[in-house]
2 protein chains.
Amino acid sequence: MGLSADATPPRLHSAQAITLLREHEITPTPQRVAIARILLARAQHLSADQLLEAVNRSEPRVSKATVYNTLGLFLRKGLVRAVVVDPAKVFYDSNTRFHHHFYDIKSGTLTDIEETEIGMPALPNLPNGSIVESVEIIVRLRSRFTQ
Amino acid sequence: MGLSADATPPRLHSAQAITLLREHEITPTPQRVAIARILLARAQHLSADQLLEAVNRSEPRVSKATVYNTLGLFLRKGLVRAVVVDPAKVFYDSNTRFHHHFYDIKSGTLTDIEETEIGMPALPNLPNGSIVESVEIIVRLRSRFTQ
DNA sequence: AGACTGCTTAGACAAAGTCTAGAAATGTCA
DNA sequence: TGACATTTCTAGACTTTGTCTAAGCAGTCT
Ligand SMILES: [Mn+2]
Ligand SMILES: [Mn+2]
Ligand SMILES: [Zn+2]
Ligand SMILES: [Zn+2]
C-alpha cells in the first residue's frame with residue numbers, strides 16, 4: 001500500500017454513463033462518455049488536469065479543449081459542480097448534493113461535509129434584488145504536528 | 001456619479017502606515033508603505049493587479065514582483081487575508097476580523113458578512129490529527145433580473 | 001573602501017484556462 | 001447515394017495570474 005495514484009480507478013459501464021448523459025440532455029459522444037465514466041463513477045473532486053490524465057490512459061484520446069468544453073457542459077447541465085478553494089486550479093465535484101468541504105491545506109485534498117453533519121447558519125438579509133445561487137462552507141485544516 | 005473606478009481612493013497617511021507596519025514587525029520600506037497606504041486605508045478586497053495599478057498611479061513605482069512579495073509578507077504577518085472565490089485571481093482582504101462574504105457572480109464584487117450577522121456553523125468531528133485553520137462561508141449571489 | 005545584509009527589479013518562466021480555425025463526424029433529405 | 005448543414009473535436013496559439021532568478025541597489029559595520 002503506497003501513496004501512488006489509483007492504477008485502476010473505478011469506472012461506470014458505458015451504458016450507465018450514456019444513460020446519465022441522456023437524462024441530462026447531453027448527446028453522448030465517445031469523448032463525453034469516456035469523461036463521464038471516470039468523473040461520475042463516484043463522489044470525488046478532480047481538477048481538469050487530473051481528469052485529462054486519467055481519461056487519456058485509455059481510448060479514446062481526448063484533447064484538453066474537449067475536457068474543458070465537456071466540464072463546462074456538465075456544469076451547465078448540473079452533472080457536476082465547481083469548487084474554488086485552491087487559487088491555482090478548480091476542482092470538479094461529482095457530488096451534486098448540497099454539501100460543504102474540509103480542505104487539507106498541505107495535501108490539497110477535499111473531503112465532503114454532508115448537509116446533515118453541519119449546522120447551517122441563518123443568512124443575513126441579502127443585498128436588494130439578489131438571489132442566492134449557492135452557499136458554501138469551507139473549513140481549511142492543517143495537520144496538528146506540522147508547523 | 002458614474003461607474004468609473006475611484007479617481008482618488010482613500011489613503012492612509014504615511015505615518016499611520018509606517019506605524020501599522022512596525023506593529024507587525026515589517027520594515028517599512030517606501031514600496032511597502034505605498035502599498036499599505038492604499039490597501040489598508042479601509043476594509044476592501046483588491047486583486048494583486050488592481051493594487052499594482054492603484055499603487056503605480058503615483059510615486060514610488062513598485063514592480064509586480066514587489067507587489068506579490070509584499071502581499072505574501074502582509075499575509076504571513078496577519079495584516080491581510082486572502083479570499084479565494086474567483087478561479088482567475090485571489091482577492092486580498094484588509095478586513096482581518098473573522099467574517100464571511102457575499103460574492104456577486106456577475107460583477108465579481110465581494111461584500112463582507114460580519115460575524116454578528118450570521119451564525120457560526122457547528123462543525124462535525126475533524127479528521128484525526130488536524131486543526132482548523134479557518135472557516136469561510138461564501139454566499140454566491142446573482143441578480144434577480146438577470147437570466 | 002570592502003563586505004555583508006535585506007530589498008527591489010526586469011524579465012524569463014510556468015501553469016491554468018480560453019479561443020480560433022479547420023477537420024471530422026453525424027444528421028437530413030432529395 | 002450524394003449534397004449540404006450542424007455539431008463536435010482538435011492542435012496549437014494566446015492570455016492571464018503568479019513564481020522565480022539573477023543582478024542591482026541601499027544601508028550598516030568595520
Ligand atoms: Mn486560472
Ligand atoms: Mn493562478
Ligand atoms: Zn464535494
Ligand atoms: Zn472581507
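Quick note on labels: first sequence line is chain A, next is B, and so on, each numbered from 1. It should be emphasised that the depicted structure is a prediction, and the values quoted were computed from it without experimental measurement.
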If I take atom [atom1] in residue [X] and atom [atom2] in nucleotide [N], what distance separates them, rounded to the nearest angstrom?
{"X": "Asp86(B)", "N": "dT17(D)", "atom1": "CG", "atom2": "C1'", "value": "11 Å"}
{"X": "Asn69(B)", "N": "dC25(D)", "atom1": "CG", "atom2": "P", "value": "18 Å"}
{"X": "Glu53(A)", "N": "dA16(C)", "atom1": "CD", "atom2": "C1'", "value": "14 Å"}
{"X": "Leu52(A)", "N": "dG17(C)", "atom1": "CG", "atom2": "C1'", "value": "12 Å"}
{"X": "Ile26(B)", "N": "dC7(C)", "atom1": "CD1", "atom2": "C1'", "value": "14 Å"}
{"X": "Arg61(B)", "N": "dC7(C)", "atom1": "CZ", "atom2": "P", "value": "23 Å"}
{"X": "Leu71(B)", "N": "dT17(D)", "atom1": "CG", "atom2": "P", "value": "14 Å"}
{"X": "Lys64(B)", "N": "dG18(D)", "atom1": "NZ", "atom2": "P", "value": "10 Å"}

Taking the side chain of [X] as heavy atoms from C-beta outward, which of [options] is closest to it?
{"X": "Ala48(B)", "options": "dT8(C), dA11(D), dG18(D)", "result": "dG18(D)"}
{"X": "Arg32(B)", "options": "dT8(C), dT17(D), dG18(D)", "result": "dT8(C)"}
{"X": "Gln31(A)", "options": "dC9(D), dT8(C), dC20(D)", "result": "dC9(D)"}

- prompt: Looking across every strand, which nucleic acid part, if any, lies under 4.0 Å from Thr66(A) by heavy atom: base, sugar-phosphate, or nothing?
  reply: base
query: Which is true for Thr27(B) with a 4.0 Å heavy-atom rule: it touches a base, it touches only sugar-phosphate, or it touches nothing?
result: sugar-phosphate
base_contact_polar (dG18(D) base, Lys89(B) side chain, donor-acceptor, <3.5 Å): no
- prompt: OP1, OP2 of dA16(C) versus side-chain N and O of Ser47(A): anything below 4.0 Å?
  reply: no
- prompt: Between dT18(C) and Tyr68(A), is there an OP1 or OP2 to side-chain N/O distance shorter than 4.0 Å?
  reply: no
Pair Phe98(B) and His100(B), ring centroids less than 6.0 Å apart: yes
- prompt: Using a distance-only test with no angle check, is there a side-chain donor-acceptor pair under 3.5 angstrom linking Asp93(B) and Gln44(B)?
  reply: no
message: So if I apply the side-chain hydrogen bond (donor to acceptor under 3.5 Å, both in side chains) rule between His101(A) and each of Glu136(A), Arg140(A), His45(A), which one comes out positive?
response: His45(A)
message: For Glu115(B) and Arg97(B): C-alpha separation, side-chain torsions, deciding distance, then whether salt bridge (charged side-chain N to carboxylate O under 4.0 Å, His left out) applies.
response: CA-CA 8 Å; Glu115(B) 189 179 8; Arg97(B) 292 185 298 275; over 6 Å; no
query: Would Arg11(A) and Ser58(A) count as a side-chain hydrogen bond (donor to acceptor under 3.5 Å, both in side chains) if you check the C-alpha gap in whole Å, the side-chain angles of each, and the deciding distance to 0.1 Å?
result: CA-CA 12 Å; Arg11(A) 296 197 184 204; Ser58(A) 52; 3.1 Å; yes
